[in-house]
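These notes are about the structure you will find just below.
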Amino acid sequence: MGYDAIVIGAGLAGLVATAEIADTGKKVLLLDQEPEASMGGQAYWSFGGLFLVDSPEQRRLGIKDSKELAWQDWLGAAGFDREDDEDYWGKKWAEAYVDFASGEKRAWLYKMGVRFFPVVGWAERGGGLADGHGNSVPRFHIVWGTGPGIVAPFVKRVREHIKNGLVEYLPRHRVDQLLTDDGAIVGVSGSVLAPSSAARGEDSNRDIIGNFEYRGQAVLVSSGGIGANHDLIRKNWPERLGEPPKQMISGVPAYVDGRMLSITEEAGGRIVNRDRMWHYTEGIKNWSPIWTNHGIRILPGPSSIWLDANGKRFQAPNFPGFDTMATLEAIKKTGHDYSWFILTQKIIEKEFALSGSEQNPDLTGKSIRKVLGRALPGPSGPVQAFMDKGEDFIIADNLKDLVNGMNKLTGENLLNYEDIDNQIKARDNEIDNKFTKDLQVTALRGARNYIGDKLIRVAPPHKILDPKNGPLIAVRLNILSRKTLGGLQTDLSGQVLNEAGEKIPGLYAAGEASGFGGGGVHGYRALEGTFVGGCLFTGRVAGRAMAKN
């Protein structure tokens, strides 16, 4: 049987594209190697943050944003330096995406029932010059309902088309080959995998019980990146970040394995910017894992003391929440794969949030009562659970016991109590005045000039070693694998290009598989809220182009 379009991957980008194609009356085959329980892919597990520009939420909080400022920030973060080749289409996609985020993105989602938490978050604050990396203003809009809230309207649209016969959805169908005819992609073949009772995100079996072959006028690859394939991450690890980590934890389920990237490359698709990737530096091991090596990212406020594995405080701009890639490079230069936060009870109560839909049951469950509970004394329930059960957390009444616990946890005895005590005392001495030479203290005071941070995100400046602010808390931070910034090079319709820069007839890519657009819309760094948003945008563009063509 022939189809108008075949979509490989039922993550967010694939769902968006499928819905857009089927809306035009075209027949779509949607394939995914995972069981139906994992429909929606990684986006379901996300915090649901979206990059929006000059939104009503921003304006209500007194934030003055514009497309021009957002583009300035994007260019400063991306650092495009391969513009004649690998960055050519990525930069064009970036400009189109900023236009989208400044224009119809919010209205398009709002029409489908998507709503936003009223306080806009300030992620990736930069910490350098105005034309360098970072968001000049808060732009991280949290979807009411987090990841499930952004996935739901597209699942609904696809399921409606399944009912009306325009979409055929086949889970447990793993594509192993793209079929070609005279240079064009004309279909797919692959393996039917055994049924799996794995819950969403859990590892599923790879037992083959059959095979398949389907033909279609166009094929979309929306299968994600390489975030769970640590061997492939290490293979592509850029020299600029030092030696690849020997130890990482996974921020994505095991099915994010990069298989379709190599399969598409074998069919003629060009992969660019392999050395660009986005891994977090504030990962903690999940005490209740869902997938193999499951890690959670701390979304930190700016107040925690950040030490390397040897107990030395990081220099600017390597403060919590400021510059992920710069801090990753600094960590790797120490020769270790971990670092430390030292903070107080007051800081953890106000500044610690955990990324992911399952770690934010109040926002995910759309419970206003539970959200208001965040204003009560004490950490949130999920944070408290990690304090009680997480292996990376140490709590003590004094710094000496804390440092002893840190050394015991790693077994390396790299930390010197006197040295750490001197560093924190020096920092505490800068709290007595509203002015200071300590740039981190300057930054946290500056953050509180934003009403959103002052209300719910940044603790009042205080002395770490003052017992009344305790107990003291140390957190071992692991490198957490997450996103692939490079990918299949695509033109502005989402059509995949070959090594000669020519369109491959019938072949499209969207989402992380395409580097969120063009093979690398982010360049070297992301501004956050642009991964889920990139899946939305590329899925929409590619789906509409496939339907039209």
Side-chain angles (χ1 to χ4, degrees), residues 16 48-81 83 87-112 114-143 150 278 322-323 449-453 485 490-494 510-511 514-542 544-545:
V16 174
L50 292 178
F51 178 93
L52 295 174
V53 178
D54 193 25
S55 69
E57 289 77 17
Q58 286 176 303
R59 292 194 292 271
R60 280 195 291 268
L61 292 167
I63 300 166
K64 297 178 181 178
D65 200 6
S66 67
K67 183 171 72 173
E68 292 73 24
L69 184 60
W71 183 235
Q72 170 184 299
D73 288 347
W74 196 290
L75 289 177
F80 294 120
D81 58 5
E83 295 189 42
D87 282 338
Y88 179 80
W89 287 105
K91 186 175 180 181
K92 288 183 177 295
W93 270 95
E95 190 168 12
Y97 182 72
V98 172
D99 284 344
F100 180 59
S102 308
E104 62 178 314
K105 179 179 178 182
R106 185 183 181 280
W108 177 62
L109 293 170
Y110 202 87
K111 188 176 181 180
M112 285 184 276
V114 175
R115 299 294 184 266
F116 298 95
F117 187 64
V119 179
V120 183
W122 196 353
E124 286 297 297
R125 304 177 187 222
L129 300 179
D131 58 356
H133 172 63
N135 286 293
S136 296
V137 298
R139 296 193 178 103
F140 192 76
H141 295 67
I142 300 168
V143 170
I150 194 64
W278 187 262
F322 279 71
D323 190 333
N449 287 324
Y450 165 48
I451 187 64
D453 275 353
L485 297 190
T490 59
D491 68 8
L492 281 177
S493 70
S514 67
F516 302 96
V521 71
H522 296 98
Y524 288 95
R525 288 177 169 86
L527 291 175
E528 291 288 21
T530 56
F531 299 131
V532 171
C535 290
L536 292 170
F537 186 51
T538 55
R540 187 176 104 139
V541 169
R544 292 183 178 185

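Everything quoted here is computed from the prediction, not taken from an experiment. Counting begins at 1 with the first residue of the sequence.
With sequence neighbours excluded, the residues that form a ring pair (Phe, Tyr, Trp, His ring centres under 6.0 Å) with W93 are F537. Checked against ring pair (Phe, Tyr, Trp, His ring centres under 6.0 Å), H141 has no partners two or more places apart in sequence or in another chain.
Judged by distance alone, with hydrogens and angles left aside, the side-chain atoms of S102 form a donor-acceptor pair with the main-chain N or O of V98 at under 3.5 Å. For D323 (side chain) and G126 (main-chain N/O), no donor-acceptor pair under 3.5 Å exists by modelled atom type. With hydrogens and angles ignored, the 3.5 Å screen pairs a side-chain donor or acceptor of W122 with a backbone N or O of N135. In this structure, D65 contributes its side chain and V53 its backbone to no donor-acceptor pair below 3.5 Å. Remark: side-chain polar atoms of D491 are paired, donor with acceptor, to backbone N or O of G494 under 3.5 angstrom. The main-chain N or O of G511 is found under 3.5 Å from a side-chain atom of T538 such that the two form a donor-acceptor pair. In this structure, the side chain of Q58 engages the main chain of P138 through a donor-acceptor pair within 3.5 Å.
For the pair K105 and L50, the minimum side-chain heavy-atom distance is below 4.5 Å. When side chains are defined from C-beta on, R106 counts as touching P56, because their heavy atoms get closer than 4.5 Å. Residues V137 and R139 are in side-chain contact: their nearest non-hydrogen atoms beyond the backbone lie under 4.5 Å apart. Side-chain atoms of E124 and F140, non-hydrogen and from C-beta on, never get closer than 4.5 Å to each other. L75 is not listed as a side-chain neighbour of D131, based on a closest heavy-atom distance of 4.5 Å or more. Using a 4.5 Å heavy-atom cutoff, the side chains of K92 and Y97 are not in contact. For the pair V521 and W89, the minimum side-chain heavy-atom distance is 4.5 Å or more.
Interatomic distance, F116 CZ to L109 CG, rounded to the nearest 0.5 Å: 5.5 Å. With values rounded to the nearest 0.5 angstrom, R125 atom CZ is found 13.5 Å from L527 atom CG. Annotation: the span from E104 atom CD to K111 atom NZ amounts to 10.5 Å, rounded to 0.5 Å.
Nearest heavy-atom pair, F51 versus A70, reported as atom, atom and distance to 0.1 Å: CZ-CB, 4.2 Å. Between V120 and E57, the shortest heavy-atom contact is CG2-CB, 3.7 Å. Nearest heavy atoms, H133 versus A526: CE1-O, 3.4 Å. The shortest heavy-atom contact between L492 and V541 is O-CG1, 3.3 Å. Of all non-hydrogen atoms in A545 and S493, the two that sit nearest each other are CB-O, 3.4 Å. Heavy-atom minimum distance, Y450 versus L61: OH-CD1, 3.3 Å.
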Inset, instruction - Go through the steps to decide whether D54 and S66 satisfy the test side chain to side chain donor-acceptor pair (under 3.5 Å), and finish with yes or no. - result: CA-CA 6 Å; D54 193 25; S66 67; over 6 Å; no
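Because its NZ or CZ atom is both nearer than 6.0 Å to the ring centre of W108 and within 45° of the ring axis, R540 counts as a cation-pi partner of that residue.
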